[in-house]
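Chain naming here is simple, since letters A, B, ... match the order of the sequence lines and numbering starts at 1 in each. Please read these numbers as outputs of a predicted model, since none were measured by experiment.
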Number of protein chains: 2
Amino acid sequence: MFKKAKQNRVFQDVVEQIQDAIINGKLEPGAKLPPERELKDMFNTSRGTLREALRVLEQKGLIEIKLGVSGGAIVKLIDTEPIIESLALLIRSGGVSLEHLAEFRIKIEGSLMELAASRATKKDIKELETLFNQAKAYYENNDWENFLKTDEKMHTYIGIMTRNPVFQFVQKSIHDNIHRYYAEYLPMNKKRSLENLTDFEKIIDAMKINDAKTASAIIMDHVKRFSDKMQEKTRSKP
Amino acid sequence: MFKKAKQNRVFQDVVEQIQDAIINGKLEPGAKLPPERELKDMFNTSRGTLREALRVLEQKGLIEIKLGVSGGAIVKLIDTEPIIESLALLIRSGGVSLEHLAEFRIKIEGSLMELAASRATKKDIKELETLFNQAKAYYENNDWENFLKTDEKMHTYIGIMTRNPVFQFVQKSIHDNIHRYYAEYLPMNKKRSLENLTDFEKIIDAMKINDAKTASAIIMDHVKRFSDKMQEKTRSKP
DNA sequence: AATTTTGAATGGTTTAACCATTGACATCAT
DNA sequence: ATGATGTCAATGGTTAAACCATTCAAAATT
């Protein structure tokens, strides 16, 4: 008959009020909240409780706290960082294996490439070619560090080409979380880099003739090959 | 010459230590942390600071805090809840539209179905048929609530059939976040339910003859049709 | 034996200091 | 004048010591 009188922890109420203000656009990114000692009075709470609320908002990625004069809590643009972090926790806790991730990556990068290729503008292709030529130059100079960085940029740019933020952040999450394994188990060498370059060249060619299916197939095979190699390595030295 | 003396906030250090203990399995799910007043001494900090750390760990989904005697901070099994919540925030803040989500869902459920169908055992198919028959019964009795629940179960079971937790939780995140839109804009009726049933019947048939591609195509079309309908609705009453 | 009371354990909240970092402004030597 | 240096105020970070509220179990009472 009656609803349970909800036990609201005070800091939760503060979190909700500030969060709602941010989501509803009453507080825009960059806006500065009043100092703790003023907020505490506005919410009629203690400084300790208010600080717990600020900690939660900070953890959610909604605000950023700066020290010193003219410091304080500043509203952030909501981004994918908290999602990536939560996913990393889940992976690190052992709920997800490298095989699981690789399998997912093959499928998602396939879908992603298909979308990207089907939406590629001439400008996009030009941008990819610029990146490709940079990567090629680094390859020829045996500059693996910059080669890898450029390779990463190409993957990211293909994500952007989908024009869909969900694909963008899923790819970023996967890459962020898989990256340290690659670095540890699969150092770059001339042969592997050349494979990379060849694959990307084929992808760009497929995009030029609007062949999304082929582009997708190439990236899936590309990811599959690398995942297989990495899993060989991890199995040999657990 | 010297490294910048890193400014570590005390509560962050506490968070990291406890988080590492949980990830490394030194603290298993269900384990109870000492009471605040003891923890505060162990970390040589104040209660306020310690509580800020507990708030962060709570927000990350790593612990749960219970009141009363024999209460305290209890280690939780890491789950997908924080990811779902972060994604919900991103969506609500307008960073992700319904179209973006739908597009992603079409692709992911396509891949997911292909995997599930290719790994379907006879037992899996039997389980799906059982669920299908339940749904059919609810349909014939105009019991929409249970129909929807069973429909959801079928989707979930197909996720399980992939044997890959990444697909499982991505699907869960998407469904959780899209669900309230469906409930609001697309109430079930006899015609739509029948469409649902027909699609599932076709999917099971395709699985029986090991035709993963067809099963995938059906679910993609299925999702696409529903997304289109929902987007018509949301456009007509914004 | 059933019920009520009490008490201990634990998290929740408040208050009042003090510390540390930062940036602006005043001061001083050149 | 100008640049280095010192001072100060604003702000978050931390600590400490209370007291409140909830919960459960054990003791006391009927």
- In terms of heavy-atom contacts, does CG of B/Asn141 have more than 12 from other residues, nucleotides or ligands at under 6.0 Å? yes
- Task: Before accepting this row, confirm whether a basic side-chain N of the pair B/Lys76/B/Glu64 lies closer than 4.0 Å to the acidic partner's carboxylate O.
- Result: no
- B/Gln12 CD to D/dG13 C1', in whole Å, measures 11 Å
- Message: Using whole Å, what does the distance between atom P of nucleotide C/dG12 and atom CZ of A/Arg9 come to?
- Response: 5 Å
- Query: How long is the line joining CD of B/Glu36 and C1' of D/dA17, in whole Å?
  - Reply: 15 Å
- Item | For atom CG of B/Leu67 and atom C1' of D/dA25, their distance in whole Å | 17 Å
- Applying side-chain hydrogen bond (donor to acceptor under 3.5 Å, both in side chains), name anything that partners A/Ser70, two or more places apart in sequence or on another chain. none
- Item | Side-chain heavy atoms of B/His175 within contact of B/Arg105, under 4.5 Å | yes
- Message: B/Glu152 vs B/Lys149, test: salt bridge (Lys or Arg N to Asp or Glu O under 4.0 Å). Steps then yes/no.
- Response: CA-CA 5 Å; B/Glu152 191 65 34; B/Lys149 269 189 196 163; over 6 Å; no
- Query: For DNA chain C, what residues of residues 47-65 of chain B have any heavy atom nearer than 4.0 Å?
  - Reply: B/Arg47, B/Arg51, B/Arg55, B/Ile65
- Message: Expressed as a whole number of angstroms, how long is the span from B/Asn8:CG to D/dG13:P?
- Response: 13 Å
- Item | B/Phe11 CZ to C/dA20 P, straight-line distance once rounded to whole Å | 18 Å
- Item | Separation of atom CZ in A/Phe43 from atom P in C/dG12, rounded to whole Å | 19 Å
- Length of the line joining B/Lys32:NZ and D/dC24:P, which is rounded to integer Å: 12 Å
- Task: Measure from NZ or CZ of A/Lys229 to the centre of the six-membered ring of A/Phe226, then state whether that distance is under 6.0 Å and the direction lies within 45° of the axis.
- Result: yes
- Any side-chain N or O of B/Thr45 under 4.0 Å from OP1/OP2 of D/dT15? yes
